[in-house]
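Notes for the one structure printed next.
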Amino acid sequence: MAGTTLEEVIGMKKICSLAFKALRLTDKPYHVEETRSSSEIFISFQGSWSVNEWFAGNPFGETKIDLQLFPSLRSIGNDEAALVNEAFLNKFKAILGSSSLENEVQKAVTNKKKIVFTGHSSGAPIAILAALWALDKYRNPNTSQIPLLCVTFGSPLVGDRIFSHAMRREKWSDYFINFVTRYDIVPRILLAPLSSIQQNLEPILQFLNPQSQNFKNEFIGRSNETWNFYFTVMKNAATITSHAACNLMHSTNLLVETISNFIELSPYRPFGTYIFITENSKLILLKNPDAVLQLLFYSSQLSNGAEGAQVAYRSLQNHLSYETELQGSNVVYLDQLEKLPLSTEGSDGSINTALNDLGMSTRARLCLRAAGELEMQKTRNQDKIDKRINDVEKALSDLKDYKEVCEGKKVGYYDAFKLQNDEKDFRSNVRRLELAGIWDEIVEMLKRYELPDEFEGRKGWIEIGTKFRRLVEPLDISNYYRHLKNEDTGAYMKKARPKRYRYTQRWLEHAGRMPTGACSESTFWAEVEELSIKTNNNRLFEDVKKDVVQLEKELEKWIHDKVLSKDVFVKGSTFVKWWKTLPPQHQSGSCIKR
């Protein structure tokens with residue numbers, strides 16, 4: 001939901017009621033309800049109250065996301081899959097495979113109904129995964145996104161920074177709204193390793209289980225267990241947020257790196273829109289995930305040690321009282337974080353009051369400002385890159401002119417550059433190197449996540465990246481094999497292909513929902529060179545026949561789609577020379593009849 005309005009927030013009360021209704025389910029994992037107008041369908045998910053349904057395996061219970069179900073949840077250029085809580089993922093996959101959930105969603109999509117997924121506590125991560133699955137399943141680059149919303153209440157964290165990064169790149173973050181009360185411990189639990197809280201986690205989960213009223217009555221007097229649990233979780237949260245804050249502020253203290261080398265930190269990070277509910281029912285809205293992480297820690301700080309046990313118990317009660325807590329209509333938007341006041345002397349009274357309601361100290365405000373400043377720096381980096389687009393276009397235009405000249409020669413674009421017999425070949429090499437510098441700078445920024453998360457999804461840069469790759473990579477391949485001394489060390493694709501081409505290829509494949517490797521036309525000449533080396537080294541044709549046949553099929557398609565030019569078939573080209581060395585019966589292949 002872009003720009004959550006006051007009316008929309010107030011409308012969340014009904015959704016909250018449905019989320020709690022699902023907690024009381026005993027015979028099925030989710031509840032489906034339609035509005036009277038039948039324009040919306042609500043799907044709310046049941047929670048889980050055993051430890052093994054929260055943690056699986058390693059200290060924090062994370063695993064790589066299933067890219068078959070969630071192909072968008074990765075860093076495209078860096079080719080890193082997001083991490084997600086394995087127990088929650090397994091539960092969602094079990095529901096998807098053994099219930100009518102997929103049919104319910106398909107029916108709603110067919111009837112063009114808005115789908116609202118919701119859940120409270122450990123039901124919330126299942127709602128989140130269901131919403132993401134639906135967004136990915138019905139994602140179509142040529143149509144608008146399906147009408148969808150996911151609203152959670154007291155949700156544990158679900159995925160890592162790549163999880164959050166991917167959602168912002170896809171522009172899905174606004175579809176996810178997460179309500180959190182100030183002291184609710186559940187959204188912070190997965191910041192602690194299981195080993196530190198295992199002793200107390202089972203009774204805490206049983207207290208939160210709406211089906212265990214008798215246990216609640218017994219648990220009230222166990223204040224030490226509650227306080228120890230709360231203190232341990234927040235101690236781990238302090239370590240993570242301090243480490244994150246140092247990174248936000250670009251600290252050069254070697255201790256920061258040492259901590260991460262010796263202490264395993266939780267991989268989980270917030271995502272989407274967070275709405276914090278203060279003790280006076282004020283609603284404070286925040287979208288910056290780095291700032292949300294800081295707020296999760298600092299908003300739950302105690303004012304004095306004497307109230308610790310009381311607040312620890314209240315943190316459990318708060319988790320069960322969202323229906324009553326969600327009464328406020330005063331919404332404060334925390335944007336322009338880099339301008340937040342550091343004290344009560346700030347210019348914007350409503351924001352200052354909201355920060356005070358959350359107990360934000362000066363240090364906490366500094367961390368929020370650092371998160372805002374980092375976001376601004378990423379935007380400035382993007383603006384700097386955008387200003388170079390004219391330089392990229394000019395260099396590509398020059399290379400296109402060079403290619404047209406080469407196509408009139410007997411050897412074509414690839415081989416003319418490989419021979420370097422003309423001044424134009426030299427000037428084109430200069431252009432190639434200039435473009436390499438620009439794109440390598442972009443790649444380095446992406447590797448360090450120094451550009452906005454949305455950058456790799458921008459249509460303009462995907463298009464110019466594709467144009468760059470198709471025009472310039474053949475020159476890189478030509479230069480590589482021109483200087484290759486030892487044919488046994490060829491393998492351009494395995495050893496020498498620059499990241500600038502891998503990244504831009506992945507952008508196009510992801511944008512078009514194509515399988516990995518579907519857009520490998522720019523590496524055609526590398527495949528030809530490698531097959532030529534293999535056949536020249538007395539390899540039997542039968543050993544490479546499969547690869548040759550596959551290349552021929554791909555060549556036919558690329559020529560037909562006009563992503564590869566016909567100068568491939570010029571009489572003196574590397575391709576034609578190699579092709580003529582193949583057995584006569586194979587030379588009759590259709591691609592050479594041109």
Testing the 3.5 Å rule here: is there a donor-acceptor pair between the side chains of [X] and [Y]?
| X | Y | value |
| --- | --- | --- |
| Arg363 | Tyr298 | yes |
| Ser50 | Glu53 | yes |
| Gln46 | Arg24 | no |
| Ser315 | Asp184 | no |
| Tyr30 | Thr118 | no |
| Tyr183 | Gln317 | no |

Taking 4.0 angstrom as the limit, do [X] and [Y] come out as a salt bridge?
| X | Y | result |
| --- | --- | --- |
| Lys21 | Glu33 | yes |
| Arg161 | Asp290 | no |
| Arg169 | Asp453 | no |
| Glu454 | Lys459 | no |

Inter-residue atom distance Arg369.CZ - Cys367.SG, 0.5 Å rounding
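SG of Cys367 is found 12.0 Å from CZ of Arg369.
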Test: salt bridge (charged side-chain N to carboxylate O under 4.0 Å, His left out). Region: residues 99-113. Which pairs qualify, not counting sequence neighbours?
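Residue pairs with at least one partner in residues 99-113: Glu34-Lys113, Glu102-Lys137.
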Which pairs, with at least one residue in residues 268-281 and sequence neighbours excluded, count as a salt bridge (charged side-chain N to carboxylate O under 4.0 Å, His left out)?
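Passing the test, one end in residues 268-281: Arg182-Glu279, Glu279-Arg314.
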Beyond-backbone contact of Lys282 with Val332, side-chain heavy atoms, under 4.5 angstrom
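Yes, side chains in contact.
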Would you say Asn209's side chain and Leu205's backbone share a donor-acceptor pair under 3.5 angstrom?
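The answer is no, because no donor-acceptor pair under 3.5 Å joins these two groups.
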Go through Tyr322 and Phe179 one step at a time and tell me if the ring-ring contact (aromatic ring centres under 6.0 Å, His included) criterion holds.
CA-CA 8 Å; Tyr322 278 85; Phe179 284 89; 7.7 Å; no
ring-ring contact (aromatic ring centres under 6.0 Å, His included) evaluation trace for Tyr268 with Phe60:
CA-CA 9 Å; Tyr268 298 108; Phe60 295 98; 7.0 Å; no
Could you pull out all residues at least two apart from Lys64 that satisfy salt bridge (Lys or Arg N to Asp or Glu O under 4.0 Å)?
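By the salt bridge (Lys or Arg N to Asp or Glu O under 4.0 Å) rule, Lys64 matches no residue at all.
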Steps toward side chain to side chain donor-acceptor pair (under 3.5 Å) verdict (His510, Glu170)
CA-CA 11 Å; His510 178 76; Glu170 300 297 327; 2.6 Å; yes
Considering all heavy atoms, the nearest Ala166-Ser72 contact
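For Ala166 and Ser72, the tightest heavy-atom pair comes out as CB-O, 3.4 Å.
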